[in-house]
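Because the structure is predicted, anything quoted here is derived from the model rather than measured. Reminder, nothing fancy here: chain letters follow the sequence lines and each chain counts from 1.
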Amino acid sequence: MNLNSNINIATSLNPSPCLPLLSPPTCPSSSPSSLISSLKTSKTLRDLHQLHALAIKTGLFGDPLVAAEVLRSSVLSEHRDLRYGRRVFDQMPEPNCFSWNTLIRAYSESDGGHPSESLLLFSRMLLCETARPNRYTFPSVLKACARAEAIQEGKQVHGQVIKLGWDDDAFVLTNSVRMYACCGFMEDARKLVEKSSLSPESESSVVLHNIVIDGYFRLGMVEEARQVFDRMANKSVISWNGMISKFAQTGYFKEAICVFRKMQLEGVKHNYVTLVSVLPAISRLGALELGEWVHAYAEKNVIEMDDVLGSALVDMYSKCGNIDKAVQVFEGLPKRNPITWSTMIGGLALHGRAGEALDYFQRMEKAGVVPSDVVFIGVLNACSHAGLVDEGRSYFNRMVNIYQLSPRIEHYGCMVDMLGRAGLLEEAEELVVNMPVKPDDVIYKAFLAACKKHGDAEIGMRVAKCFMELVSHDGDSYVLLSNLCASLGEWDTVAKLRLTMKELEVRKDPGCSWITIDGMIHEFVVEDYTHPRTKEIYLMLEEMAVKLQEAGYVPDTAQVLLNIEEEKKESTLFYHSEKIAIAFGLISTSSGTTLHIVKNLRICGDCHSSIKLISKVYGRRIIVRDRSRFHHFEDGVCSCNDYW
DNA sequence: TTAGGGTTAG
């Protein structure tokens, strides 16, 4: 869009506004100042309409200050109505500068894709002789450019800023930097910051640096963002919160927690946003102790427990293995929204507590909350993990027919997984082939895992062909497929697959498990020898092997799908990362302590049966979160009833 | 009339 192009706003808008002409119930005295103060305190759209009518009736609308306040109340109050405000503006014979700024700002902040409207108005304002852009005009126009990521227009506006001499104004500067940062022009953004005469300790300088950091994160330039943060002479709580939330949102969970700890060490008080920002990182890492600390901190510091912080806590307790506590937090919340319900239902599903997940879904419906498509992902996931195939089909149909929600690939993913786990491979295949969205890696992975579980290579290979055509770069799917072939002894195909992976530079995520002891996260990969207590860990693993064999453990070497000697297979199995993490947990905690393990991949069959025995032999509850769900091992039994 | 937040198939 070119700001200098001719724009005929008048023809594009409703020229005959219907303005109400009611008498207000309580008629304020008709002086400009009392009308303005009534407008400022008006609470509803109805009040506003009546005061507007009064202004017209008494002729006071002709007073530019009154008209400006009618406009401001229309578009920037809590009960804003942009279309109404636009009609008010178009009625003004000669809007003053304040009114232009008000409407430009309202468009730049609105959600309905209106930033371009802001720019159109600004270009009209430039041609207007009675109102010149001022220091209040530019922040909004620049914000509109930033939101539309319109660099060409942004540069033109910035040109006007310099021409009219507003470039030293703190608000204008902030928004100029933000405009460049949002458009990805970090060089320009940084130049402006460096050129500014602000003291590095000043509040404005902190804001500018926060914006630059945000810009680097948008571009995925995490290291640059971190460097700017580390070098800041002064940091506000918003700077710290920004780093935590951006790290967590980009998958840098450990880094998010690290910043959170550093903030604490430097004596910066956490606030509500800090907690909401760090909790998702804690959830993903399964760092229960830290999560509990955050919960206690919120209570001790009387941080408001609303639906948002409540959802984050429910999610944290669910993903960190304490589902009962998640339920307790949920039940204690003063307010719940659709996300809170989704989080609770998804959490119960993750723990295999399908019956309760479905009960909560019913409660949600009874409470009058309209189910979102996300909550159905939780419901279908619950059915899938509990083998409730008929219920799953029925909920899928209800979602489509009663709630009129279009199934997304995630819903099909749940259905394929559900049918596959239950051994209904042909029905699952039919769904993969006929579903209206293109199957992705995840769908194939669920399907291939089901074929492997049920030993059906024929269907597996048929679908595998489609998967190969995807030219996927997802390492896990290749490994799954090659494992499927390996379980059939098809070593030639395995070799071919490995070669394809090499050619496409596909890498598999290495299996990795972690355990938190005294607030420290300890990470282990398969056959890991890097931990400072490696010697003790491996002595423990040897002891475990002996005790398990005494208890009747037979290694399930069919799980090791490499073409290697049986004996080597046995040792490979015993050094899987989750077993190493458990050995470390056993030597680092007192007897009877529950162990919480998180694994990035799905737990293998041999580990699953070993951990059942370990829980019995060592008298420990062991809670393992793998890629798809929780397993609660106790006294030789797992909560998943071996259906996973 | 500048900056910050929660759920989602394997």
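- Atom CG in Leu142(A) sits about 16 Å away from atom C1' in dA3(B), given to the nearest Å.
- With ring centers used as reference points, Tyr412(A) lies under 6.0 Å from Phe396(A).
- Remark: the backbone N or O of Cys512(A) is paired with a side-chain donor or acceptor of Asn600(A) at under 3.5 angstrom.
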Checklist outcome for this item: Per-nt protein contacts along nucleotides 4-10 of chain B (heavy atom under 4.0 Å; B base, S backbone sugar-phosphate only, - none) come out as BBBBBBB

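- Note: His270(A) and Phe260(A) have parallel aromatic rings, judged against thresholds of 30 and 60 degrees for the angle between ring planes.
- Between Tyr395(A) and Phe361(A), the gap from one ring centroid to the other is short of 6.0 Å.
- Across Phe138(A), Phe185(A), Tyr180(A), Trp166(A), a single residue satisfies ring-ring contact (aromatic ring centres under 6.0 Å, His included) together with His158(A), and that is Tyr180(A).
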